[in-house]
2 protein chains.
Amino acid sequence: MAKKNISIKEIAKLSGVSVATVSRVINNNGRFSEETRKKVNAIIKEYGYTTNIAAKSLRTSQSKTIGLLVPNIDNNWFSHLVLEIERIFFEQNYSVFICNTSQDEKKEISYFKSLDAKIVDGIICIMGSEEVPTKYLNRDIPVVCIDREPKEISDAYYVESDHYDGGYQATSELINQGCKDIVFLSRNKPTSANKQRFNGYLAALKENHIKYRDELNVHIDVNLHSYEGAKNAIDKVIKKGIKFDGIFATNDWRAYGALAALKNNHIQVPQQIKIIGFDDIFISSMSIPSLSTIHQDTEKLAYTACHLLLQLIKKDDSSEIQKKYVLPIKVVRRESTQ
Amino acid sequence: MAKKNISIKEIAKLSGVSVATVSRVINNNGRFSEETRKKVNAIIKEYGYTTNIAAKSLRTSQSKTIGLLVPNIDNNWFSHLVLEIERIFFEQNYSVFICNTSQDEKKEISYFKSLDAKIVDGIICIMGSEEVPTKYLNRDIPVVCIDREPKEISDAYYVESDHYDGGYQATSELINQGCKDIVFLSRNKPTSANKQRFNGYLAALKENHIKYRDELNVHIDVNLHSYEGAKNAIDKVIKKGIKFDGIFATNDWRAYGALAALKNNHIQVPQQIKIIGFDDIFISSMSIPSLSTIHQDTEKLAYTACHLLLQLIKKDDSSEIQKKYVLPIKVVRRESTQ
DNA sequence: GTGAAAGCGCTAACAT
DNA sequence: ATGTTAGCGCTTTCAC
């Protein structure tokens, strides 16, 4: 029963060549005859040999593995991104350590150390704390951030959607549809992305000579799920009697939470109040009413981040490498703002 | 700039002891003085030493890493399970390779090989093909399946919810609320879990002397998202003029898709048609109407699987180990079946 | 085109 | 309580 993985040494013995030659054949490094290749490959196949990656990593200081830090995989937007990233690296023969940080800085640091110890070739991190804990890295490996601008620009590269423009476009859409009193609905601990969306919101108001009102800046308890938190928050606003005719929610789940609160209070969308979300999750096109939103190009975000990291890993400076990539967003107009 | 990870050897030199002693201190293996401990730890801290896991794995044939195969992380039920599993192993100082198989048998095999080569200490797999490809494993490591009964019982241990009872209870709930013509809504490529749910459905019908009708067994195209597929499928059933008064959907998203189709056709839930889902995803308690469903105890599922695997890894046979664990489900009655 | 041998960083058996 | 040393499986330099 006890299986034993066969080693290069044994392959060498069985095929009557040296370990060096076997290694060359496996890695296709040249300097072996066609005959040897056939012989060695036959034995490898026969015994189902697979190379011991621990040994290889130890020797080469490379693991063909990358680390991926994500705040919460139990969130459709993140999981979709993770899926894409995993797919891209799988194609390139890389494995991915997916690390769920739960927005916990301690866990983030712990993972950075652990990934470093595991000899990952690079790290991608999505959101989380502003400070990228690169100081816990003992090796010189590249780090690419998605959707978070690192405090120390020297620490990492990053790619993000144009959140400022997203906020601006979303607000403009509501204004163009006749809204004047627009709620900005976000969580109480703003991420850098949310700050930029807020700035976009302000810019759109200003451009249309609408005065900003603090009571319309509605915060959601960060400990609740977006949907539930938004539902509670908007319900409270209604009960307070604050007048508004539009809602810009900083993600689609928050928009749905708001929708639920309005429904419960017998307020009609979009007739009385218009809503726009952010992210364009799958359900947004199919719900009743369908939800207007800002579409982030997840695939492109993932693609850009992955290939940037791969370039950095391979120290490929043939093409120019930027420190920062900002990807365009687009407005998706649906029933909720018509 | 080029960082260099410090090794045990250098720690030894710096603290004036041998590498063996340093290793003992690090792993707390005894046979060193308090004085040495302090000295060594001081140096370790000063230089931010972390142990090279590749080397350690090579030496010990253990990696403190486990592999997790999941069909599709972009699905709330799976991502929730993954989150739990990751959390539990993190607490135990294990890392988790999360591998997204996309229901692709080739990818599954590829991951099995790769995990084996990476010296993972064990594997958890969720659903996927019936055949667990243990033959691609060159080392003797434990495999625990969640929600999938492996064909070869010898291949792996498994834990699952009581899907038969789930199907039975869901159908019974609809019957008790007065339904007679109950649609069974599932995807066209049934998983072993869905087969069992279907058997439960049949049993409940039989017990209540309701004849099974094939036209009420509605299949969803597996390539579509549950929500969209269900919406299309139920819309088609309505257009065909098939009479029904209840729907048992094999997951909550399918229930919501059905709900949307009914809404579009101006059919009221639960007044005209009652619906029950499966999984109890977060939105089900908050939607309008809230959704009756079968609750699977995800936390317990994760806990059971993880601790089973950990037991197997540690070859801990102090407590009895079963090959199979079946966890109870429970009915959650909400508005959609009232 | 092939082989011998060193060494990556670590643990553990054995010696003291 | 501490040190010496072999060796895990692999790559790579150097010699032929």
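Below, read A as the first sequence line, B as the second, and so on, with proteins coming before strands; counting in each chain starts at 1.
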### Task
Using a 4.0 Å cut-off on protein heavy atoms (strictly under), produce a 5'-to-3' string for nucleotides 3-9 of chain C with B for base contact, S for backbone-only sugar-phosphate contact, and - for none.
BB-BBBB
### Message
Without decimals, in angstroms, what is the distance between A:Lys64 NZ and D:dC10 P?
### Response
17 Å
### Query
Counting just side-chain N and O atoms, does A:Thr36 come under 4.0 Å of either OP1 or OP2 of C:dG1?
no
#### Entry: Length of the CZ-C1' vector between B:Phe32 and C:dA12, whole Å
15 Å
### Query
Is it true that B:Asp121 and B:Lys64 have a side-chain N and a carboxylate O under 4.0 angstrom from each other?
no
### Task
Please report, rounded to the nearest Å, how far the P atom of D:dG9 is from the CD1 atom of A:Ile26.
13 Å
### Query
Distance check: side-chain N/O of A:Ser33 vs OP1/OP2 of C:dT2, anything under 4.0 Å?
yes
### Message
Can you confirm if the NZ or CZ of A:Lys323 lies within 45° of the ring axis of A:Tyr158 and under 6.0 Å from the centre of its six-membered ring?
### Response
no
### Query
Is the shortest side-chain N to carboxylate O distance from A:Glu10 to A:Lys13 below 4.0 Å?
no
### Task
Output, in order, the C-alpha distance, side-chain angles, deciding distance and verdict of side-chain contact (heavy atoms from CB on, under 4.5 Å) for A:Leu137 and A:Lys113.
CA-CA 6 Å; A:Leu137 260 27; A:Lys113 285 185 185 169; over 6 Å; no
### d(CZ, B:Arg37; P, D:dA1) in whole Å
14 Å
### Task
Could you state the atom-to-atom distance from CG of A:Leu14 to P of D:dG9 in whole Å?
14 Å
### Query
Could you state the CD-C1' distance from B:Gln62 to C:dA12, rounded to the nearest angstrom?
14 Å
### Message
Does the structure place the NZ or CZ of A:Lys324 under 6.0 Å from the centre of the six-membered ring of A:Tyr157, at an angle of no more than 45° from the ring's axis?
### Response
no
### Query
Nearest-Å distance, CG (B:Asn29) to P (C:dA12)?
7 Å
### Query
Atom CD of B:Glu34 and atom P of D:dA1: how far apart are they, to the nearest Å?
11 Å
### Message
Suppose we screen for ring pair (Phe, Tyr, Trp, His ring centres under 6.0 Å). Which residues come up paired with A:Tyr303, at least two apart in sequence or across chains?
### Response
A:His307
